[in-house]
Amino acid sequence: MKSYDHKKIEKKWQDRWEKESAYQAVDNSDSPKAYILDMFPYPSGAGLHVGHVEGYTATDIYSRFKRMQGMNVLHPMGWDAFGLPAENYAIKTKVHPDETTNAAINTFRTQIKALGLSYDWTREIGTHTPEYYRWTQWFFLTLFNNGLAYKKMGKVNWCPKDQTVLANEQVVDGKCERCGTVVEQKDLEQWYFGITKYAEDLITGLDTIDWPESTKAAQKNWIGKSEGAEIDFAIAESDQKITVFTTRADTLFGATYLVLAPEHPWVTAMIEGGVTILTNTDAVKSYIAATKMKTDLDRQEQVKEKTGVCLEGVWAINPANQEKIPIYIADYVLPQYGTGAIMAVPAHDVRDFAFAEKFNLPIKLVISNDDDPSKEIIGESLYTGTLGILVNSGSYSGMMPNNAKRAITEKFGRAKTTYKLRDWLVSRQRYWGAPIPIIYCDTCGMVPVPEKDLPVLLPRDVDFMPTGESPLKRSESFQHVSCPTCGKPARRESDTLDTFVCSSWYFFRFADPHDTDTFASKELLQKWLPVDLYMGGAEHTVLHLLYARFFTKVLQTLGYISFNEPFLKMRHQGIILAEDGRKMSKSLGNVINPDDVVSVYGADSLRVYEMFMGPIEQSKPWNTNSIIGSRRFLERVWGLYPNVTDRPLSSGGLLEILLNQTVKKVTGDIEGLKFNTAISAMMVLINAIPPKSEVPRAFYETLLKLLAPFAPHISHELWELSGHTTELRLEAWPVADELKSKGTTVHIAIQINGKTRSDVDAPVDSDKATLEKIARDVVAGKLEGKTVSRVIVVPNRLVNFVVTE
RNA sequence: GCCGGAGUGGCGGAAUGGUAUACGCGAACGACUCAAAAUCGUUUGUCGAAAGGCAUGAGGGUUCGAGUCCCUCCUCCGGCACCA
């Protein structure tokens, strides 16, 4: 018997599959398609991580399984190659990011191939290649031409370390997602994509897709839909008004003051216009200045202490009761949400209450909560619930809050839905990204680069030291251009696109990766998209996964595609933690390098181990000791092949029953992405063979087919060793014979009052009366002297006697 | 505070409302060996000599029967958060 030499075997099959282009997706095939996709990696210098291996193995198993079931599978791989780390590394080492990126890609590709993953390498793409980013730029222009890309002056997040602006989604807890530096706010003119136009679609679409609940909830949270009302408050002795947004129109009678964000345009206008009724202009000005100094993080951290300034001399009129109420500016009201102005109802809102207490403002109760059994009264007169009835509310007194909400909105305002989602800031002051295809001409203004002139090439010779301006601004050859409209000297936009723009459409490109006329042809998009199974980390919940959905919806609106969700089924692989239960990180020195594991145990063992660790979506700690279990399992499969005989499986025998049960179990488990239990089922199967005994060929070959998606190298080798001249991957997936998966007897539990007291083997599918009789005989002694009041019989399962003494 | 998810042996974990702890790791003992490794076998939730109790974060409930369904609470993980 040959020994199991994983190195030799794995190399042999990887080379063969490469030579055969074994896993190419077929564009012109009538077989049903399956598009199975991994989130393409950022090719970092650190190389492949065991976390990558987990997700990639899962989709590989699924892909191989679907192919054996006769499907035409598209399973591609590519590189999310633009981005800051390569550029920052370049700044440190003076090596061009193009070089480091390509080197990293080569490493990744080699590592991935060493795992035996069945990608269609003819479709490999890199977002940093002109052939690719030409179409990234085309998307920008398409959005621009449809009013979905625009340039705007505004307060933006600025990372002082990375020297670039960031999208809202890239700011986590007030810090830069990449480097952890506290983000500053700056007023800058930047490019945005109009994702907020799709806020509602992005919410409703979630109901149509099979995604983890947590991810759907996180996206909903992020979009932050809130249904309420806008209500106008007139300014006393003027023809002006302030519009507030509220979700509690029912408490309008309790509004005892207004609060505006310090940045509110009406306040700015009033100060700049020198409105005379304001009597404390200096105090107001200095409060606004102080607010400007604060970062968003400061503003969040100072939640406990409310601050603000009254606009003295200015009054608003509560439209409900015509009362004159004061107006404040305070930074607890955010300029970018709602209308940047609120009506304060201290009796029924925690924040307004705190503010009113500090500034001694009247607190007027308008909802009596006597009927609320759970009375959430904080302090003496704060109630935030919506049970009870309205009081002190004119003709609305006595109504239930939810009804009053409707009535008061109708009378004094208008229904309004707001979203927390902001438009997506896409321009970056960095080098290593796709240039924004816009030209500025003194005569013609802002001119989009004509499609025929794409791509706008990223120049190679650029000093990419960051200075707060795009390095492209310092490239003379890049900057100077003639205006496409009038031909006069003009200059190019020097910012590049956020890398998330590149990754928002790559899954379309895989359908038609070499197309030079379109980003992907309509026919091939129609054939391959949407993605049937998408696998990737959970860290992109509100970034990539939201942006990709946005792009898809835009393309549908513009008629390029006929579906509006890109990823029908999506799962996250859990994080693989280090053995100590902490996150793997270079600084902790607890990183497991997959190459080492492949070298010692083999790719097949690594694949099986990572799938066997537990449910794919769960975070779980790595345990090098445990890999040995997966390796032992494969060794046992290997060790069986000399014992294979041509004697058929004995009909109705234990092996035949178990084999059919296992086929059914493994098939269902792969379909449900429950790889850990599929593997354990195969282990059970092989444990049923006594050592050194003969193994019927039908049994062994079915086992190899089941194992093929999980451990492709060893199973292909054994298939060949069994005398086959065609490859295992071309075999049809086995189908369980339902009849043969049942034995003649079945184990029945016998319970008394729900507690198992005995058990017995009974003929399979016995009727209830027979089972009861069999069971009664077994436990006759225990039932003696007791009255059986009821008997529950679950066929093929149990018999339960309910007795009284 | 709001939203989502999860708590089961020493460890990773399994279980359509129907015999909890499958499968694997580890451990103990045994076989093989001069010895070790590898391999194979047996045992392995807990109390108990046994019969039999008791155990799925805690406490209630529904049910003939609950890890699973319902209620209250605790802990952990993830997302959002002065969002009106």
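The basis for the numbers below is simple: all heavy atoms, side chains too, and nothing from hydrogens, waters or symmetry mates. Quick note on labels: first sequence line is chain A, next is B, and so on, each numbered from 1.
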Value in whole Å for how far the [atom2] atom of [N] lies from [atom1] of [X]:
X	N	atom1	atom2	answer
A:Met683	B:rA14	CE	C1'	13 Å
A:Ile689	B:rC40	CD1	C1'	16 Å
A:Phe801	B:rG18	CZ	P	20 Å
A:Lys692	B:rC32	NZ	P	13 Å
A:Lys674	B:rG13	NZ	C1'	14 Å
A:Lys755	B:rC64	NZ	P	16 Å
A:Asn623	B:rC23	CG	C1'	15 Å
A:His747	B:rA22	NE2	P	15 Å

Would one find a side-chain N or O of [X] under 4.0 angstrom from OP1 or OP2 of [N]?
X	N	answer
A:Gln751	B:rC64	no
A:Tyr332	B:rA84	no
A:Ser214	B:rC3	no
A:Asn676	B:rC23	no
A:Asn687	B:rG24	yes
A:Arg757	B:rG53	yes
A:Arg790	B:rC64	yes
A:Arg632	B:rC23	no

Closest approach to the side chain of [X], judged atom by atom: which nucleotide of [options] is it?
X	options	answer
A:Met613	B:rG12, B:rC82, B:rA15	B:rG12
A:Glu213	B:rC23, B:rG5, B:rG26	B:rG5
A:Thr756	B:rG79, B:rA20, B:rG12	B:rA20
A:Val794	B:rC3, B:rC25, B:rG18	B:rG18
A:Ser226	B:rC64, B:rG13, B:rA84	B:rA84
A:Phe245	B:rA84, B:rU19, B:rC23	B:rA84
A:Ile792	B:rU19, B:rG13, B:rC64	B:rC64
A:Phe612	B:rA14, B:rA84, B:rG24	B:rG24

hbond_proxy A:Asn800 side chain to B:rC64 base (donor-acceptor, 3.5 Å cutoff): yes
Got a donor-acceptor pair under 3.5 Å from the side chain of A:Lys220 to the base of B:rC3? no
Roughly how far apart, to the nearest Å, are [N] and [M] at atom [atom1]?
N	M	atom1	answer
B:rG52	B:rA20	P	15 Å
B:rC70	B:rG17	P	12 Å
B:rA37	B:rG4	C1'	49 Å
B:rU62	B:rC71	C1'	11 Å
B:rC3	B:rU8	C1'	26 Å
B:rG78	B:rU72	P	25 Å

Please classify B:rG48 as syn or anti, treating any glycosidic angle within 90° of 0 as syn. anti
Using purine N1 to pyrimidine N3 plus N6-O4 or O6-N4 for Watson-Crick, or N1-O2 and O6-N3 for G-U wobble, both under 3.5 Å, which nucleotide pairs with [N]?
N	value
B:rG45	B:rC54
B:rU62	none
B:rC25	B:rG10
B:rU68	none
B:rA36	none
B:rG78	B:rC3
B:rU19	none

Reading RNA chain B from 5' onward, which residue's closest nucleotide shows up sooner: A:Gly338 or A:Ile628? A:Ile628
If you find the nucleotide of RNA chain B closest to A:Ala217 and the one closest to A:Pro615, which residue's nucleotide is nearer the 5' end? A:Ala217
For A:Trp622 together with A:Tyr609, are the ring centres under 6.0 Å from each other? yes
Heavy-atom donor-acceptor pair, [X] side chain to [Y] backbone, under 3.5 Å:
X	Y	value
A:Thr215	A:Thr541	no
A:His747	A:Asp759	no
A:Ser741	A:Gln661	no

SB check A:Lys358 A:Glu305 (cutoff 4.0 Å): yes
What I want to check is whether the side chains of A:Glu169 and A:Trp222 have a donor and an acceptor closer together than 3.5 Å. yes
Side chain to side chain donor-acceptor pair (under 3.5 Å), paired with A:Lys665, selected from A:Thr667, A:Asp669, A:Thr662: A:Asp669
Would you say that A:Pro212 contacts A:Met570 through its side chain, given a criterion of any heavy-atom pair below 4.5 Å between the two side chains? yes
Is the NZ or CZ atom of A:Lys306 both under 6.0 Å from the centre of the six-membered ring of A:Tyr332 and within 45° of that ring's axis? yes
